[in-house]
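Written out below as structure tokens is the structure these notes cover.
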Amino acid sequence: MTRILGIETSCDETSASVLSGAGDTVTMESLVILSQDVHRIFGGVVPELASRQHLTAIVPVVERALSDASMQMSDLDAIAVTHAPGLVGALLVGVSFAKALAYVRNIPCVGVHHMEGHLFATALEHPDAVPPFTALLVSGGHTLLLDVDAWGAYRLLGRTRDDAAGEAFDKVAKLMGLPYPGGPHVERLAATGDPARFRFTRPMLRRNQQPGDEDYYDVSFSGLKTAVLNAVRGGTANDYPHIARAFHDALVETLVEKTMRAVEQFGRERVVLGGGVAGNRTLAAAMRARASRVGAAVFAPSARLATDNAAMIARAGLFHFERGERAPLDLNAFASLPIPGLVRA
Ligand code: KG4
Ligand code: ZN
């Protein structure tokens with residue numbers, strides 16, 4: 001059994017978590033997430049403010065994660081830390097802290113790719129959310145459709161050509177004067193809208209697309225965002241719930257259809273959702289309804305584990321630790337980096 005501390009500082013959450021376990025049998029001993037509210041004032045994340053807040057928060061957040069787990073530093077076997085992708089200044093705080101801690105305690109450190117963390121998050125709550133499965137990762141910075149044969153073996157099927165799904169939610173929220181991050185606000189507003197009032201084209205979704213076509217799995221949300229912008233300009237605030245509904249319906253239907261294409265092509269019986277947008281209940285319900293038609297199960301994380309957190313980093317880190325991977329002391333932070341084990345279809 002391994003006891004591993006996870007650290008996540010890639011964006012605007014300072015988070016630490018302790019897990020214990022082996023293989024796919026893992027217990028979450030603690031999870032502390034400190035969200036940096038300061039960015040709300042600016043309607044988006046201000047990188048330097050994020051770095052500075054991580055710097056003041058990291059020690060108390062880690063201490064709290066240890067005390068919640070009733071553990072001390074000396075109980076830890078390993079440390080996992082997000083080292084890419086994200087805001088470099090923010091990542092460096094977690095990476096430097098993790099390396100220093102690993103060095104003084106003389107225990108191994110493992111670097112984790114943030115999006116691989118999102119892939120593991122759902123397994124913390126659903127023991128069956130393990131490979132093989134089709135994965136849809138939808139966050140503020142990425143939209144990835146993957147076929148996952150085993151942990152560490154990821155086939156990239158599709159991605160966004162422009163905006164990420166969460167980014168589209170955030171931009172639509174901004175157009176309607178809703179707070180950042182906009183996803184949950186747009187979801188709530190859309191639920192009150194009339195689906196028949198507006199209709200936007202489903203982006204990159206045509207019936208005659210074939211497997212092998214470049215746009216068979218890819219998505220694009222910038223046109224949808226422009227359609228929302230035009231509707232907002234041409235209407236009044238009374239139309240916002242209906243516009244939000246039309247946006248939500250178009251985005252969800254697109255993600256569901258693209259994901260189900262992958263489920264059917266690869267004959268998978270499980271769908272795993274990850275990333276902040278995976279906390280969207282409407283998306284999960286629509287995916288479930290569609291997947292049940294082919295007998296596939298859908299696993300979605302709770303909102304707490306869907307958005308950025310260190311438990312998912314510890315969970316992915318445990319996998320790499322068990323494979324014998326160790327980060328060198330010159331482990332660095334990167335704004336972008338491919339997911340380890342990712343191959344293009
Ligand atoms: O994974 P995450 O916490 O951070 C990144 O790695 O980017 O995702 C944050 C994104 C934001 O764009 C936020 O608006 C979106 O996830 N989000 C949602 C919901 N909750 C968070 N989008 C749609 N519906 C939600 N309920
Ligand atoms: Zn994330």
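Every number for a ligand or one of its atoms is a count from 1 in the order of the listing. Numbering of residues begins at 1 and proceeds along the displayed sequence.
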Does CZ in R52 sit with more than 12 non-hydrogen atoms of other residues, nucleotides or ligands closer than 6.0 Å?
->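 No, the 6.0 Å shell around CZ holds no more than 12 heavy atoms from other groups.
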CG of N208: more than 12 outside heavy atoms within 6.0 angstrom?
->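 Enclosed: over 12 neighbouring heavy atoms sit under 6.0 Å from CG of N208.
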Pick, from C11, G279, G275, G276, the option with the minimum heavy-atom distance to atom 20 (N) of ligand 1.
->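 Considering heavy atoms of C11, G279, G275, G276, the nearest to atom 20 (N) of ligand 1 sits in G276.
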Using a heavy-atom cut-off of under 4.0 Å, does the side chain or the backbone of R281 touch ligand 1, or both, or neither?
->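 Neither; no heavy atom under 4.0 Å.
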Please work out whether any backbone atom (N, CA, C, O) or any side-chain heavy atom from C-beta onward of D170 is under 4.0 Å from ligand 1, and answer side chain, backbone, both or neither.
->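 For D170, only side-chain atoms sit under 4.0 Å from ligand 1.
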Does H114 have a heavy atom less than 4.0 Å from any atom of ligand 1?
->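 H114 counts as a contact of ligand 1 under the 4.0 Å cut-off.
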Mind checking whether H118 has a heavy atom under 4.0 Å from ligand 1?
->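 The answer is yes: ligand 1 sits under 4.0 Å from a heavy atom of H118.
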Given NE2 of H118 on one side and OD1 of D308 on the other, what angle do they make at the Zn ion (ligand 2), to 10°?
->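 Between NE2 of H118 and OD1 of D308, the angle at the Zn ion (ligand 2) is about 100°.
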Look only at the side chain of E253 and the backbone of R202, and say whether a donor-acceptor pair between them is shorter than 3.5 Å.
->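 Checked: no pair found.
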Between the main-chain N or O of M204 and the side-chain N or O of K258, is there a donor-acceptor pair closer than 3.5 Å?
->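 Between the backbone of M204 and the side chain of K258 there is a qualifying donor-acceptor contact (under 3.5 Å).
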Does a donor on one side chain sit under 3.5 Å from an acceptor on the other, for T82 and H114?
->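 H114 and T82 do not have a side-chain donor-acceptor pair below 3.5 Å.
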Does the shortest distance from the Zn ion (ligand 2) to an N/O/S atom of C11 fall below 2.8 Å?
->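 So C11 does not count as coordinating the Zn ion (ligand 2).
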Under 2.8 Å from the Zn ion (ligand 2), is there an N/O/S atom belonging to H142?
->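 Of the N, O and S atoms in H142, none lies under 2.8 Å from the Zn ion (ligand 2), which means no.
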Look only at interatomic distance and state if E13 has a nitrogen or oxygen under 3.5 Å from any nitrogen or oxygen of ligand 1.
->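 N/O-N/O distance below 3.5 Å does not exist for this pair.
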Taking the side chain as C-beta and beyond, is there a heavy-atom pair between V61 and F97 under 4.5 Å?
->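 A side-chain contact is absent here, since even the closest heavy-atom pair is not under 4.5 Å.
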